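In what follows, a structure is listed as structure tokens, so that the remarks can point back to it.
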Amino acid sequence: MNAETAIPSPHDPPLLEVDGLAKHFTMSSGLLGRAKGVVKAVDGVSFTLERGETLALVGESGCGKSTTGRLILRLIEPSAGALRFAGQDMLALRKHELRSLRRRMQIIFQDPFASLNPRLSVSDILAEPLLLHGLATPAEIPAKVAELLKVVGLGPQHAERFPHEFSGGQRQRIGVARALATKPDLVVCDEPVSALDVSIQAQVVNLLQDLQARFGLSYLFIAHDLAVVKHIATRVAVMYLGRIVELADKTTLYGQPRHPYTQALLAAAPLPSPGLRRERPVLQGDVPSPLNPPSGCTFHPRCPHAQARCAAEQPLLRRLDDGAQVACHFAETIPAPPPIPLSPENPVIARRFAALGDAAA
Amino acid sequence: MADATLPAAPARRRRIASPMLRRILRDRLALAAAILLGLICIAAILAPWLAPFDPYNTTRRPFVPPRWSEGSLPQYWLGTDGQGRDMLSRLLYGTRLTLVMGLASVIVGGGIGALFGLLSAYYRRIDPYVMRFADILLSFPAILLGLALAAVVGPGLTAIVIALSIATIPDVARITRSAAIVVMGQDYMEAGRAVGLSDRTLIWRYLALNCLSSVFVFLTLRFGQIILIGAALSFLGLGVRPPEAELGMMASLGRDALFFAPHIAMLPSLMIVMIVLCANVLGDALRDLLDPRLRNT
């Protein structure tokens, strides 16, 4: 199956280039549809995605991560910007050209209960992309479907069942199988695990990683769970109110977050160990309304380091010495967050863990 | 995998017919309705062979009561009407015409209405226009429409079917649209687009299939209403005209003799009630069957 995935050569254009991508929704009201305002759901997002890489897109709900994912697949038409897929200008494509390009880019949805057509059996769902893109003849469908199901850890006996007969984790596997059916190069994972139980999350994340290694997939991984992102991502882009505020390698971003927003996000992530607590610099206020975003740097009303310039001038995403890209006027001068001050471990819990370890040994 | 260890389920049959039959057999009420409606349909189709007399042939023996009441004649099972025509024969022919009228209107009106609803939910740009058009249709009462059509086409089955179809379009369009808009918001519509499916496939396999059940139930209910409106139109002399037999018209003709020969109005009315009732019960059962989520496995 992976024979078709090309070995990346240094001369190849990146798999995906996004330049100044924007989507503005016009809010209208009343009988005559007077324009009430413009929501800049995505406002000038630029990044590249290399083959075999996982770029995570993180941020609070409403920051435009999912819209960005859909814009890239042209499920929503962008208002501005440029999209190049393997060097090909996606926005210049005609309708039928776009449809054949869809073979190479797929999406996995957040809610496995809403993303499968309840009227179609699993076999029909998986056969659809295969037949549409001429990847199988009707006679080959049962074998191909069984193969796809096996790839995602389901059995051939599941083929004739309907989506409602499956659990959430199984449905998500079917969603993954559908995305893989066309052997895509790029898969947009739109919060693929956030609707699942924690134990199932791990299964699905590991499945995604295995498949990436096996088929050389590139992921655009949209998530808000920083622990999952740390596990799966190569690079991470942090979004705030429709813009990327920081984009860096995973290790750089987690080890040395530059943007105050990234610092606050990381500080807010829970620690996966009982008894451990950190002194959090709590972020003040709510995400501002995208209908009426703050002037200058949109983060300045909540930023602990904000200065007069921040309210006046919008910071652009710029590259720092170590390659990280940050949209902050004071990225160099903002102090690194103090090493997370951990409160001493709860002695009772520590004793119990020790006892558990002894029992296991 | 959670159920990788479970024994493999027996391969399910793809044919819809067999689980559907099994379900109907389990649902006693639906079974009774299906049998009754089936018998009525068969009787209506076989009317020319089953009917003991010519339904249009008048005799000198009017107002003969049915076999179970006093003063009946052995050859007239259900008695005769005011012109001495055999009630059983007229009932068979009348049922035939009524069913044809109802089915034709439901299929034509329901089909066009559902198509409008689906298209206006899928292509949101045309939605306001389609819906205002539906509002305009909605503002014409079916009876008025029938009047106008009868004037143009001339009274008869065609005029009735056209009038009833047009009267069905806006309601079905609205119901389909509201169901379809809910479906449009589901992720699987987007998933289908991401796969690269054409608009036509998306509309049929995704949108229509998922709106089908609510539209279907509405149409079975509508079927009853249509038969009643058709009867009213016939009563006004706009539809089927005497001596042609149509259940609604037969009921209205029997109105004058309601007190001394109640069977003339009662028998066709009972037939209408039975048809409408069976259609509704079956509609409910079919809705459950068409929805895989409600299908017992």
Side-chain angles (χ1 to χ4, degrees), chain A residues 33 70 73-76 95-96 98-121 123-126 128-130 132-133 152-167 169-170 173 175 178-179 181-182 184 188 190 200 203, chain B residues 1-16 18-19 124-125 127-128 132 179-180 182-214 216 287-297:
Chain A
R70 283 162 169 75
L73 297 175
R74 269 191 77 186
L75 292 172
I76 306 175
K95 207 172 177 184
H96 66 274
L98 178 68
R99 271 175 48 205
S100 57
L101 191 67
R102 294 211 183 282
R103 187 185 74 71
R104 301 180 60 189
M105 41 188 5
Q106 281 298 316
I107 179 167
I108 298 168
F109 290 91
Q110 172 175 17
D111 183 359
F113 289 90
S115 64
L116 303 174
N117 185 347
R119 299 284 174 167
L120 299 183
S121 69
S123 156
D124 288 336
I125 289 172
L126 298 180
E128 233 165 27
L130 293 172
L132 184 76
H133 296 290
V152 296
L154 294 170
Q157 76 274 16
H158 294 116
E160 294 308 317
R161 297 194 193 167
F162 285 87
H164 69 100
E165 299 173 63
F166 292 94
S167 68
Q170 288 174 316
R173 283 167 191 270
R178 172 177 60 193
T182 59
V188 173
D190 185 8
I200 310 293
Q203 287 180 9
Chain B
M1 272 325 296
D3 70 357
T5 53
L6 291 177
R12 190 150 319 139
R13 301 241 117 197
R14 286 301 312 281
R15 277 182 306 137
I16 290 210
S18 70
R124 294 314 298 269
R125 265 175 303 125
D127 180 42
R132 292 303 78 76
V182 174
V183 175
M184 284 299 288
Q186 299 286 323
D187 280 348
Y188 55 79
M189 288 301 298
E190 210 157 38
R193 281 217 296 144
V195 162
L197 297 174
S198 63
D199 286 358
R200 205 169 45 177
T201 314
L202 281 172
I203 289 173
W204 288 123
R205 266 168 73 102
Y206 282 65
L207 202 54
L209 219 53
N210 282 294
C211 308
L212 199 69
S213 55
S214 44
F216 205 82
R287 176 203 48 197
D288 297 353
L289 288 170
L290 288 173
D291 193 337
R293 281 162 297 188
L294 298 174
R295 199 183 290 163
N296 282 4
T297 50

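Just so we're on the same page: letters track the sequence lines, and every chain starts at 1. Computed from a prediction, not measured in an experiment: that's the story for all the values here.
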Using non-hydrogen atoms only, which part of Thr182(A) is less than 4.5 Å away from chain B: side chain, backbone, both, or neither?
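No part of Thr182(A) comes within 4.5 Å of chain B.
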
Please look at Leu197(B) and chain A and tell me whether the side chain, the backbone, both or neither of the residue comes under 4.5 angstrom of a heavy atom of that chain.
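When you check distances to chain A, atoms from both the backbone and side chain of Leu197(B) fall under 4.5 Å.
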
Only one of Leu130(A), Ile107(A), Leu132(A), Ile125(A) passes side chain to side chain contact (heavy atoms under 4.5 Å, CB included) with Val195(B); say which it is.
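It is Leu132(A), the one option of Leu130(A), Ile107(A), Leu132(A), Ile125(A) that forms the side chain to side chain contact (heavy atoms under 4.5 Å, CB included) with Val195(B).
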
Could you have a look at His96(A), Arg99(A), Arg178(A) and say which one has the most heavy-atom pairs with chain B under 4.5 angstrom?
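Among the listed options, the one with the most contacts to chain B is Arg99(A).
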
Distance from Ser115(A) atom OG to Met189(B) atom CE, nearest 0.5 Å?
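Between Ser115(A) OG and Met189(B) CE, I get 13.5 Å after rounding to 0.5 Å.
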
Which pairs, with at least one residue in residues 187-198 of chain B and sequence neighbours excluded, count as a salt bridge (charged side-chain N to carboxylate O under 4.0 Å, His left out)?
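Found Arg70(A)-Glu190(B).
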
Residues which pass salt bridge (charged side-chain N to carboxylate O under 4.0 Å, His left out) with Arg125(B), listed by chain and number, not counting sequence neighbours:
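With sequence neighbours excluded, Arg125(B) shows a salt bridge (charged side-chain N to carboxylate O under 4.0 Å, His left out) to no residue whatsoever.
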
